Structure formats: structure tokens, C-alpha cells
Trainee: 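Take a look at the following structure, please.
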Amino acid sequence: MTTLTKQLAEQLQIHKEDDLIKDLQLDQWFTGQQLADDVATLHDFFQEIGLMNQDLALVCLDNSAVYPVLTQAFWQLGVVEHPVTATTPIAQLLTEFNEHTYAVIVVKQELADQLTDQVPLQKQIVKLNTSQKLTIFINTELLSKRPNDTGTSPNEEDLGLILNTSGTTGKPKRVGLTHRILNNAAHHNIDSHKMTSADTTLITMPMFHINAQVISTLSTRLSGGKIVIANKFSASHFWQQISENHVTWTSVVPTIISILLINDQANHIYSELKAHIHLRFVRSSSFALPESKFIAFQDRFHTKILEGYGMTETSSQSTLNPINAQKIGSAGKPVGTDVAILIDGKYETRGTAIGEIVVRGDHVISDYVDPQPNAFHDGWFLTGDLGYFDEDGYLFVKGRSKDMINRGGEKVAPAGVQSILSQLDFIEEIVILGMPDDLYGEAVTAVVKPKNSLLDEATMIAQLQDYANENLAKFERPTQIYFVQDFPRNPTGKILRPQLKKQLLSI
């Protein structure tokens, strides 16, 4: 066993009589013993079908209590889990399967029904405490070619997770996180958030994402705390979930904070339950909150907001505002990470001008699964984000040097969305860019130059939305659509994206 899997197993035994994880969809708590039994059931099942160290497992599930036990069972065998968004269309799931050699695919029931007739896999149902019907597809063709041995046990440098992070080319970069990196990141989170076994966290963020995977789930499990899992965020249920389950902290994105401030029902429920709500803090990341919203949320809901900065490549956070020394608008101070600003070839760390943010540390990758040497220099990871340090050593993030869209914490690659939507017959040319959005930070915006067509704009919008719903994950789908006769271009014909964005802002 690795240090990581040993600690996870020990926590379940320490708390075998205690409620540890609650699935709100099932309205049920699970004890450490029930979770350990599920891990053992899955471990035995995976061993029986022949899974081995460094096999790949594709996971497409909604938030639920089965997620953590599935992950632990994979890691104990050294299987590399690759979770993807539960809104992944079946076409994208099949593309992922065909591009990489997965030994198993674990999917929610809606996708299982579509997947059955489309891939040469054997379908199995596993019954657990946390899931009465977990659907697992087995790549028997791959596993049948294996030698009859038990393989090797995982070691600290073996991969535990692969997560997609979109690249500017539209093709996702695959980030591989080792057992060592994951363990280091979790313990940095425990220390910086002062997590203890007395804490209970509420997860409303998608569990395929690095935030819920490492900051909320893994860090809480290693600290011995409790986890309450919601299928998704609901403003009308949020404060009730906090109150009834004695939640002490939760991780969100600024979009959720904005919704809670303006949602009348949420505010009414909070006023009725506030005597029973004892949040230590609400953790917010993805993009900086406006000062007015930051102050309004803290004052109205009587808790602290901790803003931080991190990414998949750093296995969660790199900086965080200290609990008792927040600085509004900043991403806080480095946590278990060397962070610098690259300016004219020099690495500056205090009182800097704006430059590229670079990071390194024991929880930061040294390369991608598919090597990207240009992303690293002198042992530093080049984030592509722009920022500066103030005189007190607080980091301020000022934007991205790339064209990535940040929609409520989800990163959208414009080129990838453009490639898919450009297949519509009525589109001559399309540009996807991010436009300011009060709730989500940026809205995925489609700007279309149509071909000579008899279709009116309403029909084209309807067709584009229908096609996006079928072929794009939910967070990738454009929520704003504009039509233009042509785009602003430079002398060589390249579209000038900043000028286009400026034109749209003036409408």
C-alpha cells in the first residue's frame, strides 16, 4: 500500500462506528465500516476481473457517496482513475474510450443504457451499500490478453488520477497526479484550512473536478472529518443542508456566492435557520469576488470567505488567504508551494509588477501525461496566468495570457467548441470567446458569421443550441449567441479577438 491508501484505510477503521459520509440524494449516512465494506467489495471485484497496477478506469458519475469508495478501491490496486463530467455526451465518452486503452468504464445508468450497444465491453452490476446498482463495463478483450500473475503493488510515484484540463488548441491536456502528489496536496490543504475530525464539509461542486476530488473529499477523509454530498448545488436547499448536517465549511465558486446573495428563497431560509448554522468559512476559488459581494456575503451570512488560487496541475491549491488575515481581492499567500512572477526572465516574489505566475512544489506536476515541455522552465510550471505580488506577499491574479474561458470554475477551450459547432451547415465561420458575466465570471459566447441562408436568426439559434446540447458538455455550451457579417481581422486575415470582444461590449 502507498502512504495515501494506508491512511485512507486507517481512517475508515478508526471511525468504523461513526457516520462519515452522507449522500443527500439517498438521505443516508454511511459509517466507516460500511464504506470499508464497499471498498473491499470493489477491490475483490476488480481483482477478480484482472485489473492491475496502472490500468486506466474511465468514470462518468453524478455526485454520490459511491465516488470516494470507488476511488479508494482503484488506488489500492494501483488503477488510475480518470473521472469526467457527468454531463459528458455519449459521443465524447466514446471518443475518449477509443483514444485511450481503458480497462473499465464506470457510468451512471442513463449513459449505461446508451453505451451497451456501442462498445465491445462486458456489462456488470455491483451492489454496494453506497450504490445498489453500480454499472461497470469491462474491457474483456484487453484483460483476456494478460499474463496470469497478480502484477505489482502501487508505489508513491504511480499515477492515481488523470484529469482533463483544456488546452488552447481545444484538445484537453491530461494531468497525471501520483499517489505522492495527491497525499502532499491533501496535507497542505489540511494544514492551511485547519481541518480536524470535528469538521463536516458540504460538497456541491462536481466530484470529477480537482476541487471536490482533493480539497473537499480527500483532505477531509485524511483529516478524519465528515462529508455531506449533494447531487448538485441548490440555492433553495443550501442553508438547510448546512444547518441539518452541522456543516463547518464548504468549497464553492463565486457564482454560488452571487446566487446565494440574490436568491430570495435562500435568504428567507437562512434567516429562519441562522441560529443553527456555524460555518467556520466558505472557500471560494476560480476568479476573484468583487469587493461588494465579498463584504455583503460575510456580513449577511456571518462567516468568512477564504479565496485561493490553484489548478489541476497543482493538485488543487497553491495559495490561500490566511483564515485570520484575509485580503479582499487577493488569492492569498503561497501554501506549501513556491510561487513567483516571471518578469523578463527573473522570478520575483514580493512587490512585483504584473507577469506570468509560475509555481513549483511537492504537489505540482513535472510534466503532463502527454508531454508538454513548453509548459515548464527551470523546474517551474508556467501557469499561463498573469498576476503580481503586493508588498505583503499576497498574490493578485489579473487574468490569463491564453484565451481560455473560465465559466464558474470550469475551463472551456474555445477552439474545441468552435471545431464542433462549425460543423453546422449554416455556419461559415464561428468564434467562441468569454464575455463578462456577473454569476459565472465569463459566459461562453458564440459569434457566428452565417453562410448565405434562408434561415432566420431564431431558427439558427435553435439549431445551434440543439446541436450544442447533443455534442458538448453543459458548461461548454454557449449561453450567448451573436451574428455578424464579418469579424475584425489583421492584414493577414487573422481574427482579432480582443477587438471583437470590445465590439460586443459596446452593443
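Since we're looking at a predicted model, the values are computed, not measured. Positions are given from 1 along the sequence.
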Trainee: Indicate yes or no for a side-chain donor-acceptor contact from R283 to the backbone of I215 under 3.5 Å, with no hydrogens or angles considered.
Mentor: no

Trainee: Is the terminal nitrogen or CZ of K226 (NZ for Lys, CZ for Arg) located under 6.0 angstrom from the six-membered ring centre of W29 and within 45° of that ring's axis?
Mentor: yes

Trainee: Looking only at side-chain N and O atoms, does Y368 offer a donor or acceptor that is under 3.5 Å from a partner on E313?
Mentor: yes

Trainee: Looking only at atom types and distance, does a side-chain atom of N245 sit under 3.5 Å from a main-chain N or O of Q241, one as donor and one as acceptor?
Mentor: yes

Trainee: When you compare the side chains of S285 and Q317, does any donor N or O come within less than 3.5 Å of an acceptor on the partner?
Mentor: no

Trainee: Quick one: are T314 and H363 in side-chain contact, heavy atoms under 4.5 Å?
Mentor: yes

Trainee: Do the side-chain N and O atoms of T135 and Q109 include a donor-acceptor pair separated by under 3.5 angstrom?
Mentor: yes

Trainee: Does this structure show an ion pair linking K22 with D27, if we count only N-O contacts that are shorter than 4.0 Å?
Mentor: yes

Trainee: Fit a plane to each ring of Y102 and F97, take the angle between them on a 0 to 90° scale, and name the class: parallel (under 30°), tilted (30 to 60°) or perpendicular (over 60°).
Mentor: parallel

Trainee: Between N183 and L4, is there a donor-acceptor pair closer than 3.5 Å when you use the side chain of the first and the backbone of the second?
Mentor: no

Trainee: Over 60° means perpendicular and under 30° means parallel, so tell me whether F301 and W239 are parallel, tilted or perpendicular.
Mentor: tilted

Trainee: Quick one about Q28 and Q34 (side-chain donor to acceptor, distance below 3.5 Å, no hydrogens or angles considered), yes or no?
Mentor: no

Trainee: Examine the side chains of T3 and H179 and answer whether a donor and an acceptor come within less than 3.5 Å of each other.
Mentor: no

Trainee: Classify the side-chain pair D158/N53 by whether it contains a donor and acceptor separated by less than 3.5 Å.
Mentor: yes

Trainee: Taking R477 for its side chain and L472 for its backbone only, find out whether a donor-acceptor pair lies under 3.5 Å.
Mentor: yes

Trainee: Checking D199 against T248: is there a side-chain donor and acceptor pair closer than 3.5 Å?
Mentor: yes

